[in-house]
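For reference, the structure is listed below as C-alpha cells.
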Amino acid sequence: MATLYLVATPIGNLEDITERALRILREVECIAAEDTRRTRKLLSHYNIHTQVISYHEHNKSEKLHNILEKLAEGDVALVSDAGTPVLNDPGYELVRAAIDAGYKISPIPGASAPIAALITSGLPPDTFLYIGYLPRRTNERKQKLKSLSSYPFTLICFETPHRLHASLKDILSVFGDRPIAVARELTKIHEEIFRGQVSEAIAHFAANPPRGEITLIIGGAKKQSASERWSEDLLREALQEAINREDSPSNIAQRIAKRSGWKRREVYNIITEIQSQLTWRNHD
C-alpha cells in the first residue's frame, strides 16, 4: 500500500529543510503542491526532478480523485506553498480521503511559521490556540475575536500586510491592550519580530508599513480580579452592543460576567433594565 507523505518545506530560507524531506521528494511518484511555481524553485535548488501536480483551494475538488489515482501507482508527497502542509491549506480533505481509502499517512516534520513565531514571541508557549487567518470583514473579525476574548491561552493567527492595521485595531478594541508579537518575514533577510503591547504595535506599523507574510502571537486573557471590575458605563456599553446583536439575555449575561468581573445575576438585571427601556421607547 502506498504512502501519502506530508512534507514540510522552508518558510523562507531554503536551507530549512531536512535531509529526509529531500530524499522523500526525490523518491515519490509525484508531488502535489499548493503553489507549483514556488515548489519548482525549491526542487530546482536541490536538483530534484520529480513530477509536480497542482493541488490548491480552487482545484481541490477536481484534483482529489487524480491524486488518489497517483497513490494507486505509488507514493505521493503533499507540500504547501511554504511550511507544514494541512495547516491552513486544502490538505485536510486529501488526508481524510487518503485515510478513508486505506493509504498510509506519514508526516515529514520541519518548518512551521506558527511554531517559529510562538517560540520567539516571549509569550507563554505551554498552552496555545492556532486559528489560521482572521476573517477579512470587520464585523466577522470582531465576532471571531469576541468568541476568543475570554480564552486564557496564547493565540496564534496569520494576517496580511494590507489588513494588519485594521486587525490590530480590532484586537485592541475587543481584547484591550494585551501583549503581542508580530512576526514578519520569518527566516528571510528582512525578518522582523515586534514585541510589545497591541497599541505599540499599531503605532510601530503605522510608521513602518509592513511587507511579507505575518504571524500574530497574542497574549491570553488574564483572570479578572475584583479590583479590575469594569465600570458600570463600560459594562452597559458592552451589554448594549450584545443586545443589538439579538443574542439571548442568558448567553449575554454568562459571557459578559466572565469578562467584566460582575456577578451573572447583576449583569442579567441590567440587561433586563436595558431591554425594558428599549420596549418603553418603542411604545412611546
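From a predicted model like this one, the values you see are computed outputs, not experimental measurements.
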Any pair counted as side-chain hydrogen bond (donor to acceptor under 3.5 Å, both in side chains), so long as it reaches residues 2-20, sequence neighbours left out: none
Is Arg195 reaching over with its side chain to a backbone N or O of Thr120, donor-acceptor style, under 3.5 angstrom? yes
Evaluate Val76 against Ile31 for side-chain contact (heavy atoms from CB on, under 4.5 Å), listing each step before the verdict. CA-CA 6 Å; Val76 172; Ile31 300 168; over 6 Å; no
Give every donor-acceptor pair under 3.5 Å between a side-chain atom in residues 46-53 and any protein atom, sequence neighbours left out.
| residue | atom | partner | partner atom | Å |
| --- | --- | --- | --- | --- |
| Tyr46 | OH | Leu14 | O | 2.6 |
| Asn47 | OD1 | His49 | NE2 | 2.9 |
| Thr50 | OG1 | Leu25 | O | 2.5 |
| Gln51 | OE1 | Lys70 | NZ | 3.4 |

Sequence neighbours excluded, the answer for salt bridge (Lys or Arg N to Asp or Glu O under 4.0 Å) partners of Arg178 is none
Mark yes or no for whether Ser276, through its side chain, and Thr272, through its backbone, hold a donor-acceptor pair below 3.5 Å. yes
Asp35 (side chain) donor-acceptor with Arg38 (main chain) under 3.5 angstrom: yes
Tell me if a side-chain donor or acceptor on Glu200 pairs with a main-chain N or O of Gln197 at a distance below 3.5 Å. yes
Going by side-chain hydrogen bond (donor to acceptor under 3.5 Å, both in side chains), name the pairs with one or both residues in residues 73-91, residues two or more places apart or in two chains. none
Side-chain (Glu191) to main-chain (Thr187) donor-acceptor, under 3.5 angstrom: yes
Does anything in residues 60-103 pair up under ring pair (Phe, Tyr, Trp, His ring centres under 6.0 Å), and if so which pairs, sequence neighbours excluded? none
Side chain to side chain contact (heavy atoms under 4.5 Å, CB included) with Pro152: which residues, sequence neighbours excluded? none
Given 3.5 Å as the limit, does a donor-acceptor pair link the side chain of Ser44 with the main chain of Lys41, or not? no
Side chains of Ser150 and Arg255, heavy atoms from C-beta outward: is any pair under 4.5 Å? no
Could you tell me whether Lys188 and Glu185 make a salt bridge, using a distance below 4.0 angstrom between a side-chain N and a carboxylate O? yes
Just verifying a value: how many Å separate Leu43 CG and Leu22 CG, rounded to the nearest 0.5 Å? 9.0 Å
Non-neighbouring partners of Glu237 that pass salt bridge (Lys or Arg N to Asp or Glu O under 4.0 Å), sequence neighbours left out: none
Report the hydrophobic cluster partners of Leu186, with the cluster defined as I, L, V, M, F, W, Y residues connected by side-chain heavy atoms closer than 4.5 angstrom, directly or transitively. Ile11, Ile193
Under 3.5 Å, is there a donor on one side chain and an acceptor on the other for Gln240 and Asn244? yes
d(Thr138 OG1, Arg163 CZ) to nearest 0.5 Å is 10.0 Å
Please indicate whether Asn139 has more than 12 foreign heavy atoms, meaning atoms of other residues, nucleotides or ligands, lying under 6.0 Å from its CG. no
Please give me the minimum heavy-atom distance between Tyr268 and Ser250, naming the atom from each residue. CE1-N, 4.1 Å
Tightest non-hydrogen contact, residues Gly102 and Met1, listed as O-CG, 3.5 Å
Apart from Leu123 itself, what residues make up its hydrophobic cluster, given side-chain heavy atom links below 4.5 Å? Leu87, Ile115, Leu118, Ile119, Phe128, Tyr130, Tyr133, Ile156, Phe158, Ile217
Whichever hydrophobic residues join Ile180 through chains of side-chain contacts under 4.5 Å: Leu129, Ile131, Leu134, Leu145, Leu148, Tyr151, Phe153, Leu155, Leu164, Leu168, Ile171, Leu172, Val174, Phe175, Val182, Phe194, Val198, Ile202, Phe205, Ile214, Leu216, Ile218
For the pair Leu6 and Ile108, evaluate side-chain contact (heavy atoms from CB on, under 4.5 Å) and give the outcome as yes or no after the intermediate values. CA-CA 6 Å; Leu6 310 179; Ile108 311 298; over 6 Å; no
OH (Tyr55) and CD (Glu93) are apart, to the nearest 0.5 Å, by 5.0 Å
Partners meeting salt bridge (Lys or Arg N to Asp or Glu O under 4.0 Å) with Asp126 (sequence neighbours left out): none
Under the salt bridge (Lys or Arg N to Asp or Glu O under 4.0 Å) test, which residues partner Glu27, sequence neighbours left out? Arg23
Within this structure, what is the CD1-CD distance for the pair Ile256 and Glu241, rounded to the nearest 0.5 Å? 8.5 Å
Looking at Trp230, is Arg259 sitting on its ring face, NZ or CZ under 6.0 Å from the six-membered ring centre and within 45 degrees of the normal? no
State the NZ-NZ distance between Lys142 and Lys169, to the nearest 0.5 angstrom. 9.0 Å
Please report the interatomic distance NE2(His162) to CZ(Arg136), rounded to the nearest 0.5 Å. 7.0 Å
Looking just at side-chain N and O atoms, do His165 and Glu159 make a donor-acceptor pair shorter than 3.5 Å? no
Could you go step by step and tell me if Lys263 and Arg229 meet the side-chain contact (heavy atoms from CB on, under 4.5 Å) rule? CA-CA 10 Å; Lys263 293 181 180 179; Arg229 193 166 101 145; 5.7 Å; no
Any chance CZ of Arg26 has more than 12 other-residue heavy atoms, nucleotides or ligands included, within less than 6.0 Å? yes
What do the steps show when you test Glu213 against Arg184 for side-chain contact (heavy atoms from CB on, under 4.5 Å), and what is the final call? CA-CA 6 Å; Glu213 298 168 346; Arg184 185 179 68 82; over 6 Å; no
Spell out, as yes or no, whether a donor-acceptor pair under 3.5 Å connects the side chain of Thr36 to the backbone of Ala33. no
Same cluster or not: Leu64 versus Leu4, using hydrophobic residues (I, L, V, M, F, W, Y) connected whenever any side-chain heavy atoms lie under 4.5 Å apart? yes
